[in-house]
There are 2 protein chains.
Amino acid sequence: MATGRSTQHNPNPAAGTRRSRGRGIPDATVARLPLYLRALTALSERSVPTVSSEELAAAAGVNSAKLRKDFSYLGSYGTRGVGYDVEYLVYQISRELGLTQDWPVVIVGIGNLGHALANYGGFASRGFRVAALLDADPAITGNVVAGLPVRHTDEMEEIIRSERVSIGVITTPPGAAQQVCDRLVAAGVTSILNFAPTVLNVPDGVDVRKVDLSIELQILAFHEQRKAGDEYRDDDGPTEADADAEVPSAPAAAVVSTPERAVAPGHGHGHEQGQEYEEAAG
Amino acid sequence: MATGRSTQHNPNPAAGTRRSRGRGIPDATVARLPLYLRALTALSERSVPTVSSEELAAAAGVNSAKLRKDFSYLGSYGTRGVGYDVEYLVYQISRELGLTQDWPVVIVGIGNLGHALANYGGFASRGFRVAALLDADPAITGNVVAGLPVRHTDEMEEIIRSERVSIGVITTPPGAAQQVCDRLVAAGVTSILNFAPTVLNVPDGVDVRKVDLSIELQILAFHEQRKAGDEYRDDDGPTEADADAEVPSAPAAAVVSTPERAVAPGHGHGHEQGQEYEEAAG
DNA sequence: ATGTCTTTGTGAACGCGTGCACAAAGATGG
DNA sequence: CCATCTTTGTGCACGCGTTCACAAAGACAT
C-alpha cells in the first residue's frame, strides 16, 4: 500500500544505520501494525478478552503466520494454547507506534481535501491533534473548518515552533507543495504526509509518505483492463505461451500491437481520449 | 507503500493464476508506472522531445536502474545513446495502464471525503469519468456536487449496469462499507477503491485497493518516535525491559482506561496508560 | 502428574524486488 | 569506415518479506 509502499515505498534509510540492528522492526510489519490495532480495538469494544492469531488475522485481512511473525518482532505477547490478550496487545502496539503520546499536526492547503482531512475522525481518535489549518489564500483564511480557524501560511513557522509540531500534512495544489514542504522542514517538521501529486525533495532525516488518489485508480485500471482482456482483446493479442520461452530475437516482439503512428508523430499529445493531462487539484 | 501501499500492500493473489505467466508486469512496476507517466506528462507539456533514464528517474523520484528495468518489462522503447521518446512513452504507458479507454466510476458516500474526490481533478484528467455520486442519506441526495446530482443508493444497480461501471469508490462510514461493497460487486463492479477503515471481503476476481489516511499518519508517528528515541542509541534488548521509554516531550493528555486484566502472565510490568480508540469516520 | 490438545513462536526455504555493473547498441565526429 | 562516447537493457547477487511446517509451551482434563 498503500504503499506504499509505500509502498513500502521510498523509505530512505535515514540516519545511516540500518534498522536491522537491535530491535529493528521491518517496515512491512510497521505498516501492518495499524491494521492489527484497528481490529483489536474493535474486539476490545466488544469486550473480547483474548484472540487467537487465526481469528485476528482474519479480522485484519492477513495471513496468520505473517501476523505471528509480526508480533514476534514486538516480543512474545501471546500465550500458547490460548492466544493474545486483547487489551494488552492494544497497549503494546499503541506504544510501539507511538500513539500513547500526543502528535500535533498541521494541515496546509484547506481545499476540498484539506477540508475533508480536518473533519476526519480517524486522526483525533488516534492521538493526532490538528494544531492548525493553514492556507495561503486570504479568501479562505479566517473561515472556521472543523471548529478550527484557518490561519494564513505566514503564521506557519510560529505555530510549528510554539506547538512543537513535527508532522505536517500537505494538501495544496502540486505547484505549491515543494515550497510548502521546504518551509515546513525549515521550521522543524520532520515527517510529511503528502497528498499533492508531486515528488518532494527533502533532506536526510525527514520522512515523506505520499498518498496519490489517482495513482490508486490507475493501478486498478491496469488490473481491470487485464481482466477484460482475458476474454477478448482488441489490441494486444500475442502474449502468453511464448513470453517466458523465447524472447531475445525480435525486438518487435514486445511491440505487438503498436498503433499506426508508431513514434510520436506530429500528433500533438498522443491521447485517444483527447484528454489533457493536467495536474489540477483542489 | 506502501504503498504502498501499496500498499505495499495487500495484493491478494486474485484470480488464481499468478500474473507472472506471459507478459506479466511485476506489481511493483505497475505501481510506479503512474509516477513515470506523471513525470513524462510534465515533460511533454514543456515539449521536451526525449529524456534519459537518469533525468526521468530523478523527476519521478526513483533509481535510474529501477526505471530502466521497469521499462524493460514494457518492451524496448528507448534508444541507446539518446534516451526515451517522451510522447511515445506517454502513449505506451497510458495504453499499458488502460488509460486510453474510458473508465466510468461511481463514488458511494458523499461525505467530506466523497465530496473532495468528486472535485478531484486528478481523476477526470486520466480517463476516469465520474458516472454517478451515490449516498444513502436523503438529506444529501439531490444536492449537486461537482456539477453532478447526488443520487440515492437505490439507483446503484441500475446506474452500474446502464453505464457499465466496473470501478467503484467507497467513501462511506466503515459500518456501511461491506454492505455497499457487496452491492457493488453484485451489480458488476470488479475493482474497488476503499477509503473506509474496514477490511472488505470480496469474491475472487474482484480487486480491492485501500487507502487509509490514518494508517499513513500512524506509520509516520512510528518513525517520528524512533527518531526522537535515537538519542538514546538503544541497543538490542530482546524484549520488554524498556517498556516505558518515555520520550522527553510535551505532556500528552490522552490517557484513559487501564484495563487490569491486560497484564498477561509472565510480563512483569504493567502498563500505565491506555487509550480508547474509536472508529470514527467522516 | 501425566497425557492430550491447542496455539504460539520461529527456523528455513523460497520468491520478489532492488541495485550494481557491464556488455550491447546506437549516435556522433573525424 | 573506424573510433569514441553516451545510454540503454539486463545478468547477477543480495536482502527483505512471505509462507510453510514444526517443535516448544502452556492450558486443561483425568
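Numbers restart at 1 for each chain; the letters A, B, ... are given by sequence-line order, proteins then strands. Being a predicted model, the structure only gives us computed values, none of them experimental.
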Checklist line | Backbone N/O of B/T190 and side chain of A/K227: donor-acceptor pair under 3.5 Å | finding: yes
Note to self: Need one value for A/Y84: base, sugar-phosphate or nothing, where a base atom within 4.0 Å counts as base even if backbone is also close, heavy atoms only.
What the structure shows: sugar-phosphate
Next item on the list: Using atom CD1 of A/I25 as one end and atom P of D/dC16 as the other, report the distance to the nearest whole Å.
Entry: 15 Å
Notebook entry, point to check: Base, backbone or nothing for each nucleotide of nucleotides 21-30 of chain C, written B, S, -, heavy atoms under 4.0 angstrom, 5' to 3'?
Noted result: B--BB-S---
Notebook entry, point to check: Taking only residues two or more places apart in sequence or in another chain, which ones pass side chain to side chain donor-acceptor pair (under 3.5 Å) with A/S53?
Noted result: A/R68
Note to self: Between B/Y91 and B/E87, do the side chains contain a donor N or O and an acceptor N or O under 3.5 Å apart?
What the structure shows: no
Notebook entry, point to check: Between B/Y77 and B/Y88, does the ring centre distance come in under 6.0 Å?
Noted result: yes
Checklist line | C/dT7 OP1/OP2 closer than 4.0 Å to side-chain N/O of A/Y77 | finding: no
Check: B/D182: what forms a side-chain contact (heavy atoms from CB on, under 4.5 Å) with it, not counting sequence neighbours?
Finding: B/Q178
Next item on the list: Calculate the interatomic distance between B/D27 atom CG and D/dG17 atom C1'; express it in whole Å.
Entry: 14 Å
Taking N or O atoms only and anything under 3.5 Å, show me the protein contacts with nucleotides 11-14 of chain D, one pair per line.
unit_1: D/dG11; atom_1: O6; unit_2: B/K69; atom_2: NZ; d: 3.2
unit_1: D/dC12; atom_1: N4; unit_2: B/K69; atom_2: NZ; d: 3.1

Notebook entry, point to check: Atom CG of B/L67 and atom C1' of C/dG19: how far apart are they, to the nearest Å?
Noted result: 13 Å
Checklist line | Backbone of A/V82 reached by a side-chain donor or acceptor of A/T79 within 3.5 Å | finding: no
Next item on the list: Rounded off to whole Å, could you give me the CD-to-P distance for the A/E54 and D/dT19 pair?
Entry: 13 Å
Note to self: I need the CZ-P distance between B/R32 and C/dG17, as an integer number of Å.
What the structure shows: 8 Å
Item checked: Side chain of A/S72 - closest among D/dT8, C/dG9, C/dT18 -> C/dG9
Margin query: Rounded to whole Å, how long is the line connecting atom CG of A/L56 with atom P of C/dT8?
Written below: 10 Å
Checklist line | Between C1' of D/dG26 and CG of A/D85, the distance in whole Å | finding: 15 Å
Note to self: For residues 200-222 of chain B, which residue pairs pass the ring-ring contact (aromatic ring centres under 6.0 Å, His included) check, not counting sequence neighbours?
What the structure shows: none
Check: Is there a side-chain hydrogen bond (donor to acceptor under 3.5 Å, both in side chains) between B/E45 and B/T41 once you walk through the steps?
Finding: CA-CA 6 Å; B/E45 283 169 2; B/T41 303; over 6 Å; no
Note to self: Can you tell me if B/Y73 touches the phosphate of C/dG17, counting only side-chain N or O atoms and a distance under 4.0 Å to OP1 or OP2?
What the structure shows: no
Checklist line | Gap between atoms CG and C1', on A/N63 and D/dC20 respectively (whole Å) | finding: 9 Å
Note to self: With each end axis built from five pairs of C1' atoms, what bend angle do you get for the helix from C/dA1-D/dT30 to C/dG30-D/dC1? Round to 10°.
What the structure shows: 10°
Note to self: For the CZ atom of B/R32 and the NZ atom of B/K66, what is their distance to the nearest 0.5 Å?
What the structure shows: 5.0 Å
Check: Where the side chain of B/N194 meets the backbone of B/T198, is there a donor-acceptor pair that is under 3.5 Å apart?
Finding: yes
Check: Are B/I167 and A/L217 side-chain neighbours, meaning at least one heavy-atom pair lies under 4.5 Å?
Finding: yes
Margin query: So B/D85 and B/P49, do their side chains get closer than 4.5 Å, heavy atoms only?
Written below: no
